[in-house]
Every structure is written in C-alpha cells, then in structure tokens.
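Every chain is numbered from 1 and lettered A, B, ... according to where its sequence line falls, protein lines coming before strand lines. Quick caveat: nothing in here was measured; it's all calculated off a predicted structure.
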Amino acid sequence: MLCRVRARAFPAPAACKRGGAPGIVILVNEVFHRLEQDLTRIFADYLSARYGWSAPVSFEQPRQPEFGELALPVAFQLARQLRRPPRAIAEEIVREIGAVPGVSALEVAGSGYINLRFDRARYARQLVEGPPPETFPPSDEKIIVEHTNINPNKAAHIGHLRNAVLGDTFVRILRARGRNVEVQNYIDNTGVQVADVVVGFQRLLGKTPEEVAAMAADPSCRFDYFCWDLYARVSAHYAEHPQALAWRQQALEEIERGHGDTARMAAIVSDAVMHAHLATMWRIGVTYDVLPRESEILRLQFWATAFELLRERGAIYYETQGKNAGCWVMPAAAFAGEQEGEDSKVIVRSNGTVTYVGKDIAYQLWKFGLLGKDFYYRPLMVYPDGHRVWVTADTPGDEPAPQFGHGKRVYNVIDSRQSYLQDIVAAGLRALGFEKEAENSIHFAYEMVALSPRCAAELGFDLTAEERRRAFVEVSGRKGLGVKADDLIDKLIEKALEEVASRHPEDPPEKQRAVATQIAVGALRYFMLKYTRNAIIAFDFQEALSFEGETGPYVQYAVVRARSIFRKLEERGEQRPDYAAELDAAALERQLRHEPFWQLLLMASKVDAVLERAILMGEPAHVAKYAFQLAQAFNNFYHEYPILSEPDRERRIFLLWLADYVRSQLERTLGVLGISCPEYM
RNA sequence: GCGCCCGUAGCUCAGCCGGAUAGAGCGGCUGGCUUCGAACCAGCAGGCCGGGGGUUCGAGUCCCUCCGGGCGCGCCA
C-alpha cells in the first residue's frame with residue numbers, strides 16, 4: 001500500500017518533461033523580461049525582510065489590461081500565515097514598500113491583488129534607444145535535438161512534416177535565445193522497412209541493383225514516390241502470402257552483414273530516399289547538422305560496447321526461464337517502477353541479435369558522450385545557404401569533422417506512441433548509473449497527424465462504415481494511405497500562386513512563384529505549429545490550404561502591410577525619422593497616455609519572454625499563438641490609425657516608430673517559426 | 001487488465017504548471033474599400049469548461065470516482 005502511494009507521489013518523469021535547465025544562466029537584457037526579473041527580486045527581498053516570506057514570488061498578467069502590467073497575488077498566500085485579511089496585507093505592502101524603479105504606481109485591487117503599473121515613458125525610451133545587445137554566456141552546454149528520423153524507404157508524409165516542423169522550430173527558438181544546439185536526424189537504413197522495399201525490387205519486380213540505381217538517378221522518376229507504392233505492394237503481398245515473410249528475413253540478414261547484392265541495393269534505395277527527404281525538408285526550411293546512420297552503429301560495433309556496459313553494471317541479465325529464456329532482458333522494475341504485472345523487456349533476442357531498444361540505448365549513450373567511442377564522418381552535402389550537413393561513416397574521412405555528440409541535454413522528437421520505448425531507453429541510462437543523463441533525456445512527444453474521414457475519401461480510399469464514423473483515420477505507410485509531403489507543398493504553392501497572380505498579374509511568373517512559395521511555407525509551418533503537441537491533428541485539405549484567419553499568411557500579411565507604409569514614405573521622398581532623437585521621454589509619455597498605443601507596444605516587447613516560456617514549457621505552439629495575436633493587434637492598429645496622413649508631427653513620428661518596432665518584432669518572431677515574409681502578397 | 005493522452009461555443013482549438021467578468025479562428029448573420037494593401041477591420045448570436053464528489057480564501061486548471069473517445073503495453077521498428 002505504501003509503495004502504491006509513493007508511486008503516485010513520484011510519477012515517472014515521462015513524456016511531458018518540464019522545467020528549465022538549472023545549469024544555464026542567461027543574461028537577459030530584453031526590456032520586459034529584465035524588468036519582470038528585477039521586480040521579482042525587489043519584492044522577494046522586501047517580503048522576506050518584512051514578513052519572513054521565503055516562497056517564490058511570481059507575477060501574473062492581470063485579466064484586464066486596465067489593471068496594469070503585472071499583478072502580484074502574494075497577499076492571498078500571506079493571509080494564511082499572518083491570519084489577517086489579504087486586502088489589509090496588500091494595502092500594508094503598497095504603503096510601506098516605497099518607490100519601485102520602473103514602476104509608476106502600485107494599486108490594491110479586488111480582494112487583495114497588488115497591481116503594478118509600469119513607468120511607460122521610461123520603458124519605451126529603452127526600446128527607442130534599442131536595448132543593449134544580449135550577451136549570452138559561452139554555451140559549452142550543448143543541446144542535441146533529434147528530429148525527422150524518417151525510414152528511408154518511401155516518400156515523406158504529413159506526419160513526418162509535423163515532426164520536422166516541431167523539431168526545427170524548437171531548434172530555432174533555442175538558438176534565438178543563445179543556446180548551443182546540434183540537430184541530428186537518425187537514418188535507419190538497415191531496418192525492415194528498407195528491407196521490404198528491397199524485397200519488392202528483387203522479388204516482385206526482378207530488378208538488379210544497377211537497374212535500381214538507374215531509376216534513382218533518373219530525374220523523370222519520382223523515386224521516393226515509386227517506393228511509396230512498392231512498399232504498399234510488398235505489404236499487401238505479405239498479407240496474401242505469409243510465407244513470403246521469409247524473403248524479408250533473408251534480406252534483413254544480408255543487409256546487416258553488409259555485402260552482396262541485397263546490401264548494395266539497400267544502400268542505393270536508402271541513400272536515394274534519404275536525399276529525397278532532405279530535399280523535401282529543405283523546401284520548408286528544415287536542415288540538419290549530422291545524420292547518424294544505423295549502418296555505422298552496426299559496423300562500428302556500438303552495440304557491442306553498450307552491451308558490455310549494460311552487462312557489467314547489471315542493467316540486463318541472461319534469462320534462463322520462462323518465455324524469454326535465452327534472451328538478455330532488462331527487468332521490469334527498471335522502467336515500470338512498482339507497477340504490477342509488467343514483463344521484463346527483451347534487449348538481445350535468443351538468436352543473438354539486438355532489438356531496436358538496445359540500439360537506441362547505444363545511440364543515446366553516444367549522444368551524451370558516454371559510450372567511449374565515436375563515428376567517423378564525411379560531409380554529405382552543402383545546402384544552398386552554405387550550411388553543411390555531415391553523415392556518419394565507418395572509415396576515417398579526409399576532412400576533419402566538428403565534434404558531434406557530447407550533449408548535456410537531449411530532446412528526442414518522436415511521436416507519443418513511442419513513449420513506452422522512450423521510457424525504457426531512459427531507464428537503461430538510469431540502470432547504468434547515468435541518473436543525470438536519464439533526467440536530461442527528454443522525449444519531446446507529440447500526437448499523430450491523422451486524416452479526417454473526408455480527406456481519406458478524397459484521396460480515393462474506401463472506408464468501412466466504422467471508419468467513416470470516427471473523428472479521424474490513422475495514416476498507414478503499409479497501406480499507402482496518407483498525404484505525401486511534397487504533394488501537399490505543391491498544392492499549397494499552386495493555391496497561393498492563384499491568389500498572387502490574381503492580385504499582381506503584371507509581375508513575372510517566376511517572381512509570382514517565389515512569393516507563392518513563401519506564402520505556402522508560411523501556411524504549412526504555421527498549420528503544423530498552431531496545435532499544441534498533445535492535440536491530434538485530423539488533417540483536412542480545406543483547413544490546411546486556408547490563408548485566412550489564424551494562419552501563417554495572416555501574420556505575413558501584417559508584416560507586408562507594415563513594410564508598405566515605409567515604402568510609401570520613401571516614394572514620397574521622406575526619410576525614416578531618427579526616432580531616438582525625436583522621441584524623448586516627454587514625447588513618449590504624451591503619446592503612451594493613449595491606451596491602445598501602450599498595449600500594442602507592451603505586447604510587441606514580449607518576444608523574448610514568450611520564447612523563454614516556450615523553452616521552459618517545451619511548446620513551440622506558444623510562439624505561433626503569440627505571432628498571430630501580435631499580428632491581430634497590429635492589423636487592428638493599422639486599420640484604426642492612418643499614419644502617413646497624421647497631421648500632428650510628434651504623433652506621426654511616434655506612430656512610425658511604433659509600426660516599425662512592431663514590424664521588426666513580428667519579423668523576428670516569424671523568423672523563429674521558420675517563416676519568411678514576401679515582398680508583396 | 002495496466003499505463004499515458006484527450007473531453008471547453010455548431011466545427012477546430014487556446015487558456016502562461018491554482019487567481020479577477022471564459023478566449024481565438026472557422027462557419028452563421030450585419031456593416032466597412034476615393035485613405036499606409038479588404039489574404040483586412042468592426043459588431044451580433046453562440047458556454048451548468050463530460051457528470052459527481054473533494055482540497056482551497058479561490059478550480060477549466062490539483063486529487064478521487066464514474067462516463068465517453070484515442071494511443072500504447074512483441075524475441076517488429
């Protein structure tokens with residue numbers, strides 16, 4: 001009974017790992033974030049000295065903007081300790097604390113809130129001057145983010161897009177806040193999925209490796225699409241002829257041995273499909289630093305090393321009894337805690353081969369630099385922007401490679417269906433005594449992208465009556481049921497092109513297409529980010545292809561409109577004013593008395609606070625929501641206050657500055673989301 | 001059977017790890033382009049936050065329980 005209670009009180013830290021990185025100290029110069037930090041310290045010191053209050057002080061955002069910029073509910077907490085009404089305590093604090101730098105007023109509200117009003121002119125003056133550049137500490141604390149991880153045996157689909165966009169955006173958020181990040185994309189080029197496609201080429205199509213290589217090199221053949229269909233054919237063939245599964249087994253063994261025609265064909269297929277995936281992801285701005293491949297994990301005997309560690313430290317043992325007799329297993333207690341009825345997990349099969357989890361433990365050890373050995377590397381390709389991606393190799397390369405791995409913190413972007421296996425991987429680290437690394441192995445879990453029944457029907461799939469009733473239908477690579485990533489991107493570009501062409505018919509087609517592509521990428525990335533990670537996306541073309549309302553193009557449009565103000569300004573032969581010289585504290589004070597201006601400015605100044613919160617919560621959707629809300633606020637402002645026709649000189653300069661500032665903050669936020677802004681829309 | 005996730009407006013989803021009067025988009029209805037771009041803006045309608053207990057000064061948020069839905073629990077990956 002006691003055990004049961006303990007297990008509840010200390011649940012296994014699983015999918016939703018929260019909390020910041022205690023070891024990383026960021027020097028924040030961003031105005032809002034810094035002021036909030038300063039105020040937290042001032043109040044914590046005061047409450048500690050005055051009341052002996054030691055719990056953390058945390059501010060909230062008041063429900064109504066008229067209540068001020070920050071609210072402090074601490075009087076409610078103090079009420080119990082002091083046995084006095086919260087309102088009286090709040091009044092006492094406000095009376096006694098005196099002047100607080102950066103704050104123009106403290107007010108007691110409701111039954112005991114303390115509301116803070118910022119000194120608007122002082123706050124804005126810091127923004128006009130431009131806050132000093134942030135100085136992040138040299139980050140030797142590397143964060144590894146592993147994402148995409150598509151089996152290289154068929155074209156990428158929309159589920160893979162969600163993974164890549166989530167992972168890539170989280171990387172951008174981390175980098176925007178000064179973290180040192182390495183992006184890994186694991187390539188399982190020796191697994192059953194590749195073996196199945198090889199079986200298809202060999203047994204169903206009678207192809208030689210040379211013929212497959214020719215197909216892969218033929219630009220008129222969409223090789224990844226061809227494999228998509230072939231994989232579905234092979235799966236169907238297995239279903240009809242179960243004895244054909246022997247082909248898979250044989251292929252798998254030959255691929256693992258690494259020589260012969262089958263292994264050669266597997267390398268041709270997986271390399272070609274991997275390049276197709278890299279090209280697809282590049283279309284939406286997703287890149288990688290290094291591609292660790294399973295073939296090198298095998299050739300370089302990573303598993304043998306990991307196995308010795310696990311065996312020596314007693315993390316696994318040789319089972320002699322029961323159904324797992326002859327296997328090396330991890331005891332259930334290692335990963336299931338006190339739960340009853342869990343089976344131990346097989347790590348090495350009775351035939352001596354290692355399971356997926358075993359290989360993943362070895363890979364995870366390498367990421368932390370705990371394995372004691374490393375890959376060799378060679379440069380694979382250079383992206384059009386000059387960034388280089390490396391791939392693992394089993395022999396030394398000609399060029400010296402950067403040091404990969406040795407992360408202090410590792411995010412594995414993997415869908416939530418694999419949380420059980422991710423728990424076992426972390427348990428493996430813990431069982432080896434790497435408690436801290438287990439703690440820093442974060443399963444960045446997200447729910448799947450499924451298809452709405454309508455969407456599946458549009459794709460020409462026959463659904464059962466039961467499937468039609470459901471809210472969504474699961475994508476299935478084996479059945480070939482899904483929306484291919486490139487098809488969706490193409491559709492988005494075509495639709496955007498129609499819109500662009502109708503609005504700017506005079507523009508050259510290639511220019512129109514470039515703009516349409518930016519809009520399409522914005523729509524796609526925003527669509528994948530607007531949902532929080534644990535929402536299942538029931539994919540629907542109508543929603544995904546929308547450019548209105550809460551979408552990427554809506555945010556892009558706000559930036560385009562803002563820019564057009566300054567383009568018009570130039571066309572009239574005017575210069576952008578020298579804001580810092582023109583807008584002194586008194587002028588800012590006068591203009592910011594107007595509430596809508598202050599609210600917009602305040603909101604736009606919170607980008608860094610939003611990014612930090614997204615890191616803390618592990619939730620890129622927060623940044624997407626913020627971008628939309630800021631764009632919405634700007635569109636409202638844009639509509640309400642014509643700037644260029646503003647007669648009052650001071651107000652006109654102020655409005656120009658405000659529009660310019662909001663635009664720059666919006667562009668920066670969009671950049672973090674991997675979305676660029678077209679010249680026009 | 002066990003574990004995890006979800007249930008908030010007609011639909012799709014937010015709600016900052018307990019705070020003040022419940023938020024947005026889409027869809028519906030009504031208005032707004034001779035203005036810095038209407039991929040926009042304004043307004044209206046639409047909610048016992050699945051049900052019930054509990055903890056708390058305070059619960060959509062935490063705990064328990066029930067109902068409904070999803071995903072896992074292989075010597076597959």
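Listed candidates were B:rC76, B:rC13, B:rC57. Nearest to the side chain of A:A535 is B:rC13. Out of B:rC76, B:rA20, B:rG70, the shortest distance to the side chain of A:M448 is found at B:rG70. Taking the side chain of A:R417 as heavy atoms from C-beta on, and the options B:rA77, B:rU12, B:rC71, the nearest nucleotide is B:rC71. Each of B:rG37, B:rG72, B:rA39 was ranked by its minimum atom distance to the side chain of A:R561; first place goes to B:rG37. Of the candidate nucleotides B:rA22, B:rC17, B:rC41, B:rA22 has the atom nearest to the side chain of A:R63. When distances run from any side-chain atom of A:S564 to the nucleotides B:rC36, B:rC75, B:rA24, the shortest one goes to B:rC36. You'll find that the side chain of A:V560 is closest to B:rG37, out of B:rG37, B:rC36, B:rG25. Relative to the side chain of A:Y638, the nucleotides B:rA77, B:rG37, B:rA20 differ in distance, and B:rG37 lies closest. Of all nucleotides listed (B:rC41, B:rG74, B:rC16), B:rC16 comes nearest to the side chain of A:Q61. Candidate nucleotides B:rG37, B:rC73, B:rC71 were compared by shortest atom distance to the side chain of A:E474, and B:rC71 ranks first.
Using N1 to N3 plus N6-O4 or O6-N4 for Watson-Crick, or N1-O2 and O6-N3 for G-U wobble, each under 3.5 Å, B:rA24 pairs with B:rU12. Using Watson-Crick or G-U wobble geometry with both donor-acceptor distances under 3.5 Å, B:rC62 finds its partner in B:rG54. Using Watson-Crick or G-U wobble geometry with both donor-acceptor distances under 3.5 Å, B:rG7 finds its partner in B:rC67. Across all strands shown, the partner of B:rG72 is B:rC2, judged by Watson-Crick or G-U wobble contacts whose two distances both fall under 3.5 Å.
Following rounding to the nearest Å, A:Q556 (CD) and B:rG37 (C1') show an atom-to-atom distance of 15 Å. When the C1' atom of B:rC16 is taken as reference, atom CG of A:D608 falls 16 Å away, rounded to whole Å. Atom CZ in A:F634 sits roughly 13 Å away from atom C1' in B:rC41 (whole-Å rounding). Between A:F637 atom CZ and B:rA42 atom P the separation is 14 Å, expressed in whole Å. The distance between atom OH of A:Y420 and atom P of B:rC76, rounded to the nearest whole Å, is 13 Å. For the pair A:R478 CZ and B:rC76 P, the interatomic distance rounds to 13 Å; values are reported in whole Å. The interatomic distance linking A:K625 (NZ) with B:rG15 (C1') rounds to 10 Å, in whole Å. In this structure, the NZ atom of A:K345 is 16 Å from the C1' atom of B:rC2, given to the nearest Å.
When the C1' atom is compared between B:rC67 and B:rG53, the two are found 15 Å apart, to the nearest whole Å. B:rG10 and B:rC29: their C1' atoms are spaced 14 Å apart (whole Å). Going from the P atom of B:rG51 to that of B:rU56 covers 23 Å, rounded to whole Å. Rounded to whole Å, the separation between the C1' atoms of B:rA9 and B:rG27 comes to 12 Å. When the C1' atom is used for both B:rC44 and B:rC48, the distance is 24 Å, rounded to whole Å. Comparing the P positions of B:rG47 and B:rG69 gives an interatomic distance of 25 Å, to the nearest angstrom. The P atoms of B:rG23 and B:rG43 are separated by 14 Å, rounded to the nearest whole Å. Across the C1' atoms, B:rC62 and B:rG68 are found 22 Å apart, a figure rounded to whole Å.
Proximity of A:R613 to the phosphate of B:rG15: no side-chain N or O atom is located under 4.0 Å from OP1 or OP2. At B:rA77, one or more side-chain N or O atoms of A:R349 fall inside 4.0 Å of OP1 or OP2 (strictly under the cut-off). Residue A:R503 places at least one side-chain N or O under 4.0 Å from the OP1 or OP2 atom of B:rA39.
In this model, a donor atom of one side chain and an acceptor atom of the other lie less than 3.5 Å apart for A:Y680 and A:D507. Between the side chains of A:Y186 and A:E294, at least one donor N or O sits under 3.5 Å from an acceptor N or O. Neither side chain, A:N635 nor A:Y557, offers a donor N or O lying under 3.5 Å from an acceptor on the other.
For a distance-only test at 3.5 Å, the side chain of A:N153 fails to qualify as a donor-acceptor partner of the base of B:rA77. With hydrogens and angles left out, the side chain of A:S416 and the base of B:rC5 share no donor-acceptor pair within 3.5 Å.
The only option from A:L611, A:L673, A:L666, A:T669 that meets the side-chain contact (heavy atoms from CB on, under 4.5 Å) definition with A:Y626 turns out to be A:T669.
By the 6.0 Å and 45° rule, A:K345 does not stack over the aromatic ring of A:F335.
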Please evaluate residues A:Q556 and A:F547 with respect to the criterion side-chain contact (heavy atoms from CB on, under 4.5 Å), reporting the C-alpha separation (whole Å), side-chain torsions for both, the decisive distance (0.1 Å), and the verdict. CA-CA 10 Å; A:Q556 291 172 312; A:F547 298 151; over 6 Å; no

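Side-chain atoms of A:Y317 and A:V329, non-hydrogen and from C-beta on, do get closer than 4.5 Å to each other.
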